[in-house]
S.K.: 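Below is one structure. I have some questions about it.
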Amino acid sequence: MSALTELYNEIALCQQCEIAKYRTKVVPGEGAEDADILFIGEAPGWHEDQQGRPFVGPAGKYLDELLASINLKREQVYIANVIKCRPLGNRDPLPIEIHNCRKWLECQIEIIRPKMIVTLGRYSMAMFFPGKSISKIHGTAQKRGNVIYYAMYHPAAALHQQSLRQAIEADMLKIPSFLTQAQNMTEVEPQPQQLKMFEI
Ligand code: URA
């Protein structure tokens with residue numbers, strides 16, 4: 001059994017949060033175990049909860065189009081969320097849910113060891129770029145250790161707002177060059193609260 005499959009089995013048993021009681025399926029994440037790029041969204045929505053797969057609703061279709069714009073299919077990357085169960089009524093994730101679920105994302109990062117972590121939206125950005133504003137840092141990358149961290153708008157937000165749509169499409173197009181230039185990028189010092197996520 002692969003390390004990710006073992007992890008999925010563990011995640012499926014998790015009942016730490018109240019929302020675990022109401023889920024149809026847990027949504028651990030999916031993609032290549034050796035992916036270079038890990039995309040991290042916010043939380044499963046209705047479609048994801050039904051299928052147990054991340055980004056399979058309208059935002060997911062748009063994410064697929066964005067990936068196609070850089071000649072990637074979703075099977076070639078890894079797609080996960082900050083939390084693995086659907087918050088009721090698609091409300092925002094609670095701090096306690098983010099806290100409880102964080103260990104699963106850390107395990108996924110340890111197993112996949114991506115070269116680049118792309119945050120989609122505010123909640124995943126806050127984990128890797130605490131205190132930053134998405135309108136200021138989207139489309140910019142930071143290298144810490146051997147990993148490039150890159151913030152983008154959430155596809156669901158960009159889908160219906162023309163200015164964000166232009167931004168997310170332009171930001172996606174920058175990903176291949178960040179990956180190829182990774183060796184030459186200067187590392188930045190992580191802030192203390194970022195250390196745990198960067199020690200991989
Ligand atoms: N939005 C997210 O953040 N994640 C999903 O999986 C689907 C929609």
Side-chain angles (χ1 to χ4, degrees), residues 1-67 72-114 116-128 130 147 149 151-159 196-200:
M1 198 188 296
S2 80
L4 276 179
T5 311
E6 267 180 53
L7 183 67
Y8 297 162
N9 292 341
E10 263 190 80
I11 297 175
L13 296 175
C14 183
Q15 293 289 332
Q16 227 181 329
C17 303
E18 184 77 6
I19 51 174
K21 290 195 193 119
Y22 307 105
R23 70 186 179 214
T24 312
K25 288 189 176 165
V26 73
V27 185
E30 70 178 19
E33 184 143 355
D34 61 349
D36 282 348
I37 314 173
L38 166 63
F39 289 87
I40 306 174
E42 183 179 312
W46 186 86
H47 297 276
E48 291 75 23
D49 175 73
Q50 293 292 307
Q51 295 186 37
R53 299 177 57 212
F55 281 97
V56 288
K61 287 209 174 67
Y62 186 43
L63 180 59
D64 288 345
E65 283 175 35
L66 292 167
L67 288 171
L72 286 176
K73 294 192 165 66
R74 62 160 56 213
E75 304 78 47
Q76 294 172 286
V77 300
Y78 195 89
I79 304 172
N81 281 306
V82 169
I83 66 169
K84 313 301 187 196
C85 294
R86 178 185 179 225
L88 290 176
N90 292 347
R91 63 157 167 75
D92 289 342
L94 301 175
I96 184 67
E97 292 162 351
I98 295 172
H99 171 84
N100 290 344
C101 233
R102 188 179 175 117
K103 59 179 175 296
W104 303 128
L105 190 57
E106 287 178 351
C107 287
Q108 287 173 314
I109 294 170
E110 256 173 50
I111 294 168
I112 298 162
R113 294 198 166 264
M116 186 162 184
I117 291 182
V118 180
T119 63
L120 299 172
R122 284 179 300 129
Y123 285 90
S124 62
M125 181 199 68
M127 289 182 111
F128 300 93
V147 182
Y149 296 84
M152 287 178 49
Y153 283 110
H154 194 286
L159 198 50
K196 177 116 185 65
M197 286 307 250
F198 298 143
E199 282 165 3
I200 57 170

S.K.: Nearest 0.5 angstrom please: Glu30 CD to Gln51 CD, how far?
M.R.: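 If we round to the nearest 0.5 Å, Glu30:CD and Gln51:CD are 9.0 Å apart.
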
S.K.: Got a salt bridge between Glu110 and Arg113, using NZ or NE/NH1/NH2 to carboxylate O under 4.0 Å?
M.R.: no

S.K.: Between Ala12 and Arg23, what is the shortest heavy-atom contact and its length?
M.R.: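 Smallest interatomic distance, heavy atoms only, reads O-NH2, 2.8 Å.
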
S.K.: For Lys103, does the NZ atom have more than 12 heavy-atom neighbours from other residues, nucleotides or ligands under 6.0 Å away?
M.R.: yes

S.K.: Looking only at heavy atoms, which two atoms of Met127 and Arg102 are closest? And how far apart?
M.R.: CE-CG, 3.6 Å

S.K.: Show me the side-chain donor-acceptor pairs of residues 33-46 shorter than 3.5 Å, one per line, residues at least two apart or across chains.
M.R.:
residue : atom : partner : partner atom : Å
Glu33   : OE1  : Ser2    : OG           : 3.3

S.K.: Is there side-chain contact between Val26 and Cys85, with heavy atoms separated by less than 4.5 Å?
M.R.: yes

S.K.: Closest approach of Pro114 and Ile109, non-hydrogen atoms and distance?
M.R.: CD-O, 3.7 Å

S.K.: Quick one, Phe55 and Arg74 - any side-chain contact, counting heavy atoms below 4.5 Å?
M.R.: yes

S.K.: Kindly compute the distance separating SG (Cys101) from CD (Gln16), expressed to the nearest 0.5 Å.
M.R.: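 One gets 8.5 Å once the value is rounded to the nearest 0.5 Å.
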
S.K.: Where is the tightest heavy-atom contact between Thr119 and Ala151, given as atom of each residue plus distance?
M.R.: OG1-CA, 3.2 Å

S.K.: So how far is it from Leu94 CG to Glu18 CD, rounded to the nearest 0.5 Å?
M.R.: 10.5 Å

S.K.: State, to 0.1 Å, how close Arg122 and Asp92 come at their nearest heavy-atom pair, and which atoms those are.
M.R.: NH2-OD2, 4.3 Å

S.K.: Distance check, rounded to the nearest 0.5 Å: Leu159 atom CG versus Leu63 atom CG?
M.R.: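 One gets 11.0 Å once the value is rounded to the nearest 0.5 Å.
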
S.K.: Between Pro155 and Leu120, is any pair of side-chain heavy atoms under 4.5 Å apart?
M.R.: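 The answer is yes, as the side chains (C-beta and beyond) meet within the 4.5 Å cut-off.
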
S.K.: Below 4.5 Å, heavy atoms only, C-beta onward: do Arg91 and Ile19 meet side chain to side chain?
M.R.: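 Yes, at least one pair of side-chain atoms sits under 4.5 Å.
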
S.K.: Quick check: closest heavy atoms across Ala80 and Pro28, and the distance to 0.1 Å?
M.R.: CB-O, 4.2 Å

S.K.: Please report the interatomic distance CD1(Ile79) to CD(Glu48), rounded to the nearest 0.5 Å.
M.R.: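 One gets 10.5 Å once the value is rounded to the nearest 0.5 Å.
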
S.K.: Tell me which pairs pass side chain to side chain donor-acceptor pair (under 3.5 Å) where either residue lies in residues 76-87, with sequence neighbours left out.
M.R.: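 Applying side chain to side chain donor-acceptor pair (under 3.5 Å) to every pair that reaches into residues 76-87, excluding sequence neighbours, yields Tyr8-Tyr78, Tyr78-Gln108, Lys84-Gln108, Arg86-Asn90.
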
S.K.: For the backbone of Thr24 and the side chain of Asp49, can you confirm whether one donor and one acceptor N or O come within less than 3.5 Å of each other?
M.R.: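 Yes, the answer is positive, given that a donor and an acceptor are paired below the 3.5 Å cut-off.
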
S.K.: Roughly how far apart are Arg53 CZ and Lys25 NZ, rounded to 0.5 Å?
M.R.: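 It comes to 10.0 Å.
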
